[in-house]
Amino acid sequence: MKKIAVIGAGYGGLRAVEHLCKNVDFDIYLFDKERYHYLQTEAYGYIAGRFDLGDVALDLKNWCYGFDNSINFIQEEVVLISSEQNMIKTDKGSYHFDYLIIATGAHTNFFSFISGLREYSYGVKNLQKSYKFRRDFEEILYQKLSSNDDVINL
């Protein structure tokens, strides 16, 4: 049985696991230091109140249990990849692999070249920021509706 290691449980890593798990000859290991995957594409539905918090945070361990064949979720931080030894070292152990997929995503940083963006904008790149945006938006809306003003202009 071939061991396939997937590092990163974002969209790319999860889609890779979904496709690979169709082959029963693969033993799949999914590595991520986080227990949950934040469904950023659903953040706007969460902010608008169409989704609950549970709809935008995917429990990776439970997600892995949902497949017919075994997907091993390893909630550990990968600290070293040795291609010579086909080995992954984490902060807690070592794992051998036959094939490796690195799906750690990309980091975009608009804050570094747009002055004032960090201080005067809301981002929804992570669950905490989406939660804060929704909370602040609801508070502003409540204040507007509670005031004597006839006009709501957000």
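Criterion: ILVMFWY side-chain heavy atoms under 4.5 Å apart, direct or through other members. Under it, V17 and L60 are part of a common hydrophobic cluster. In this structure, F137 is a member of the same hydrophobic cluster as L145, with clusters built from ILVMFWY side-chain heavy atoms closer than 4.5 Å.
Distance CD1/I28 to CD1/I4: 5.5 Å, rounded to 0.5 Å. Here K61 contributes atom NZ and L30 contributes atom CG; the two are 12.5 Å apart, rounded to the nearest 0.5 Å. The line from NE2 of H96 to CD of Q85 is 7.5 Å long, rounded to the nearest 0.5 Å.
For Y99, there are no side chain to side chain donor-acceptor pair (under 3.5 Å) partners at least two apart in sequence or on another chain. Residues satisfying the side chain to side chain contact (heavy atoms under 4.5 Å, CB included) test with E138, not counting sequence neighbours, are R134. For S94, the side chain to side chain contact (heavy atoms under 4.5 Å, CB included) partners are M87, K89, not counting sequence neighbours. Among residues two or more places apart in sequence or in another chain, the side chain to side chain donor-acceptor pair (under 3.5 Å) test is passed with E84 by none. Among residues two or more places apart in sequence or in another chain, the side chain to side chain donor-acceptor pair (under 3.5 Å) test is passed with D59 by R35, N62. Annotation: side chain to side chain donor-acceptor pair (under 3.5 Å) contacts of Q128 (sequence neighbours excluded): none. Partners of R135 under the salt bridge (Lys or Arg N to Asp or Glu O under 4.0 Å) rule, at least two apart in sequence or in another chain, do not exist in this structure.
When every heavy atom of A103 is checked against every heavy atom of G13, the shortest pair comes out as CB-N, 3.4 Å.
Other members of a hydrophobic cluster containing Y36 are absent, since no ILVMFWY side chain comes under 4.5 Å of it, directly or through relayed contacts. Connectivity analysis of hydrophobic side chains (ILVMFWY, heavy atoms under 4.5 Å, direct or indirect) links L100 to I7, Y29, F31, I74, V78, I81, I88, Y95, F97, I102.
A heavy-atom distance below 4.5 Å is not found between the side chains of N72 and C64. Contact annotation: the side chain of L14 approaches that of H37 to within less than 4.5 Å [non-hydrogen atoms, C-beta and beyond].
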Without placing hydrogens or testing angles, list every side-chain donor-acceptor pair under 3.5 Å for residues 45-57, not counting sequence neighbours.
| unit_1 | atom_1 | unit_2 | atom_2 | d |
| --- | --- | --- | --- | --- |
| D55 | OD2 | D52 | N | 2.9 |

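For residues 64-87, every residue pair satisfying the ring pair (Phe, Tyr, Trp, His ring centres under 6.0 Å) rule, not counting sequence neighbours, is listed here: W63-F67. The list of salt bridge (charged side-chain N to carboxylate O under 4.0 Å, His left out) pairs with a residue in residues 12-33, not counting sequence neighbours, reads R15-E18.
For the pair D98 (side chain) and K3 (backbone), a donor-acceptor distance under 3.5 Å is present.
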